[in-house]
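Reminder, nothing fancy here: chain letters follow the sequence lines and each chain counts from 1.
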Amino acid sequence: MNFVPPTPQEIDALSDEEFRTAVRRFLADRHPPHLRNPPKRLHWGEARDWYMILARHGWLAPGWPRQYGGMGLSAAKQLIYVDEFERFGAARLPDHGIVLLGPLLIRHGSDEQKARFLPKILAGEHIWCQGYSEPNAGSDLASLRTEAVLDGDEWVINGQKTWTTLAQDANWIFLLVRTSRTGRKQEGISFLLAPMDSPGIAVRPILNIHRHDEFCEVFFDNVRVPRGNLVGEIDRGWSMAKALLGFERIFLGSPRQSAHALNRLRLLALHLGVWGDPVFRDRYTQLALDLADHNALFESFADRLRRGETLGPDVSFLKIHQSELFQRITDLMIEVAADHGGLLDPIDANPDLDPAGLFLTARPATIYGGASEVQRNILAKSLLGLPS
Amino acid sequence: MGVEAEKAENIRMIRDSASAVAKRGDLRRIRRLRGTSQGFDRAVWQSMCDLGWVGLRVGEEQGGAGFGMLELCALAEELGAALTPEPLIPCAMAVGLVDDSVRREVLAGTRIVIPAWQDHSDYRGQFDGARVEGGRLYGCKRFVPLALGADDFLVTTPDNPVLVSRQAAGLSVEPFATQDGGHVATLRFDGVLGEPMRQDPVRALEEATLATAAYLLGVIEGALALTLDYLKVRRQFDAPIGSFQALQHRMVDLSLQAALTRASVESAAAALDGGATGDALRAAVSRAKARASDAALTVTRQAIQLHGGIGYTDECDIGLYLHKAMVTAPAYGGGAPHRRRCSNLLNEQGEL
């Protein structure tokens with residue numbers, strides 16, 4: 001382990017290609033080998049070591065400005081960072097604090113909130129979860145009903161969140177709450193922060209059809225948090241949360257999931273002896289072409305970011321196409337796997353030969369991050385100008 | 001100006017000047033040319049040559065513009081959006097393959113040379129069908145575009161290509177009308193005398209294939225623009241039909257195919273301009289042509305559907321886009337043959 005990862009300051013002096021090489025070396029040298037390409041989302045206990053390695057070298061937050069402890073990378077280098085991490089199969093961390101809350105506090109938080117919370121994210125002391133969706137507010141998130149009422153110097157929260165990723169591992173939660181019932185539903189939503197050990201918070205993990213419990217329900221029964229835990233202005237939470245996903249939207253359409261699945265499809269076909277079958281090859285080749293064209297489309301958006309342009313609504317094409325391509329690939333895997341596709345465990349205990357597992361993982365890809373149907377509704381209006 | 005900025009400026013100029021000749025949204029000229037013997041307008045062809053279009057890819061020292069594939073594809077796209085029938089792509093393929101004196105005439109617009117490379121109908125055997133024996137040409141070429149408007153044909157053989165006058169003795173030209181109002185022809189050679197040319201046509205054929213993919217991108221964009229307008233205007237059930245969710249979703253999906261086609265064509269053109277050769281070149285071209293061919297048929301088929309009953313009338317312009325896709329999607333190979341070629345070019349990771 002002779003390789004010393006460059007500091008954010010040293011990275012400034014590196015060309016994009018030199019930085020790419022440095023990221024690859026960092027991953028090869030420091031990423032725990034047994035955590036590569038985890039079949040399921042890691043819990044905090046499993047991910048902590050890798051989190052702390054990144055924290056120690058100041059490599060946790062590539063998109064945060066340096067003054068807040070981030071790497072302050074250019075758009076080009078941020079794209080390289082994400083690309084190399086995904087290509088390597090690096091384990092995804094409990095990263096809501098890094099990716100979602102941090103940027104929101106940087107933009108909208110008070111100085112006190114920034115000083116209080118940002119360093120603890122980078123130290124792995126605060127692990128955050130995101131309380132947005134509710135049983136009656138999924139695609140229609142703005143109809144959320146979890147309420148916060150001001151009582152003296154405290155907010156009193158009542159309600160329920162669902163699909164809260166890794167809530168059982170988190171010690172803090174950021175949530176969208178209803179603070180007004182007059183006016184449009186989007187205009188009565190605020191952004192609150194709460195410690196998960198507050199009296200009145202209960203967490204119930206949800207078992208999914210992949211037999212994993214990465215999502216939870218979180219119940220709020222008269223939970224009290226200090227007034228100063230409101231981020232930004234009251235009733236302005238919706239627009240703050242929406243504005244967050246600017247640059248990051250490109251990553252919802254990253255090609256890595258499909259590239260990984262296509263590779264596993266090839267390995268499966270080789271193992272089952274169908275790789276040479278011309279009918280299979282034609283269908284496989286179509287998927288390989290779809291992936292290559294997706295890469296070209298992704299790069300066209302990445303080029304815009306590198307030139308300092310903002311992304312338009314058409315960036316949503318990426319998420320729609322990638323998630324559906326991922327599913328088409330796993331559909332062919334299941335078809336080719338035949339009876340093996342009905343087994344619980346990977347073939348020959350080989351994690352690379354897990355058609356059932358990858359097929360199940362692909363199910364929610366077209367639902368989370370904005371369901372495909374809703375994305376199409378939005379694109380029809382914002383991109384094509386079609387009438388409501 | 002940097003290289004990238006210069007290219008962008010070239011492309012902007014090309015798109016601007018194309019709009020004078022290839023008017024998007026005005027298809028009356030196209031309708032008038034349907035079924036005419038040549039299928040295109042020689043005077044318009046002259047304008048295109050005067051604008052330097054046929055020599056876009058020819059080196060400056062040989063009288064051309066010395067531009068790259070990105071520029072040629074931008075031009076082809078503009079022509080496709082207006083369903084332009086003039087044989088720019090075939091002639092741009094031929095102009096780099098003929099000798100100096102012939103090339104000067106082609107660039108000037110006074111001589112139309114159309115390649116006759118194809119024998120089979122699925123992009124196989126590009127040099128089959130015709131051969132030279134004892135100094136004379138024998139055999140057959142098929143699907144030669146707009147042959148009745150050609151002055152000469154450039155016939156590929158297993159050896160050098162041969163330049164043959166349309167009037168040559170022993171040459172018969174049998175035309176077949178095509179869906180878009182033009183024609184293709186079967187050429188039969190029975191001891192025809194021609195001039196051997198010295199350039200290898202392989203690269204030029206790849207470029208013509210990619211340019212055709214770009215032309216199809218234009219057809220796709222034109223069809224979508226027409227359809228989007230219709231959805232906003234047509235009312236049924238007391239609402240613009242563009243407000244119906246099923247149609248909105250379909251339009252989004254078709255627009256996504258257009259975006260993928262653009263990314264595929266432009267990245268392939270950039271790869272060629274960046275020096276790609278051999279397998280990398282073939283993979284780029286085949287990927288783009290497969291996407292463009294499949295997407296053009298999908299989009300134009302769905303565009304008819306989205307127009308409802310009037311989409312099936314000749315009076316409505318949308319049918320013209322379907323006709324063009326039917327002719328141009330299989331030209332230079334459609335989805336299946338290009339996918340087959342890609343299948344043989346996958347790397348060790350099974351990626352293209």
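Atom CG of B:Leu346 and atom CH2 of A:Trp275 lie 5.5 Å apart (nearest 0.5 Å). Going from atom NE2 of B:His338 over to atom OG1 of A:Thr285 covers 14.0 Å, rounded to the nearest 0.5 Å.
For a residue to count as touching a neighbouring chain, one of its non-hydrogen atoms must lie under 4.5 Å from one of that chain's; by this rule A:Tyr284 touches chain B with the side chain only. Contact of B:Leu256 with chain A is made through backbone and side chain together, with heavy-atom distances under 4.5 Å.
The contact list for residues 267-294 of chain B toward chain A, using heavy atoms and a distance under 4.5 Å, reads B:Ser267, B:Arg287, B:Ala290, B:Arg291, B:Asp294 by residue number. Contacts of residues 229-237 of chain B with chain A at a heavy-atom distance below 4.5 Å involve B:Leu231, B:Lys232, listed in sequence order.
Under 3.5 Å, the side chains of B:Gln248 and A:Arg376 contain no donor-acceptor pair of N or O atoms.
If you tally non-hydrogen atom pairs under 4.5 Å between each of B:Gly335, B:Pro240, B:Ser264, B:Ala239 and chain A, the highest count goes to B:Ser264. Interface check for chain B: of the options A:Leu287, A:Asn263, A:Leu384, the most heavy-atom pairs under 4.5 Å are formed by A:Leu384. Ranked by heavy-atom pairs under 4.5 Å with chain A, the first of B:Glu348, B:Arg262, B:Glu266 is B:Glu348.
Checking A:Asp290, A:Leu297, A:Leu289 one by one against B:Leu260, the side chain to side chain contact (heavy atoms under 4.5 Å, CB included) holds for a single residue, A:Leu297.
Here the side chain of B:His249 pairs a donor or acceptor atom with the backbone of A:Glu373 at under 3.5 angstrom. With A:Arg281 contributing its side chain and B:Arg340 its backbone, the two residues share no donor-acceptor pair below 3.5 Å.
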Would A:Asn377 and B:Gln245 count as a side chain to side chain donor-acceptor pair (under 3.5 Å) if you check the C-alpha gap in whole Å, the side-chain angles of each, and the deciding distance to 0.1 Å?
CA-CA 7 Å; A:Asn377 282 355; B:Gln245 194 185 50; 3.0 Å; yes
Does the side-chain contact (heavy atoms from CB on, under 4.5 Å) test come out yes or no for A:Asp282 and B:Ser343, once each step is laid out?
CA-CA 7 Å; A:Asp282 184 64; B:Ser343 181; over 6 Å; no
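Counting heavy atoms from C-beta outward, B:Leu228 and A:Leu386 have side chains that approach closer than 4.5 Å.
In terms of heavy-atom proximity, B:Gly350 sits nearest to A:Arg266 at CA-CD, 3.6 Å. A:Ala380 and B:Val252 make their closest contact through N-CG2, 3.7 Å (heavy atoms, listed as atom of the first residue, atom of the second, distance).
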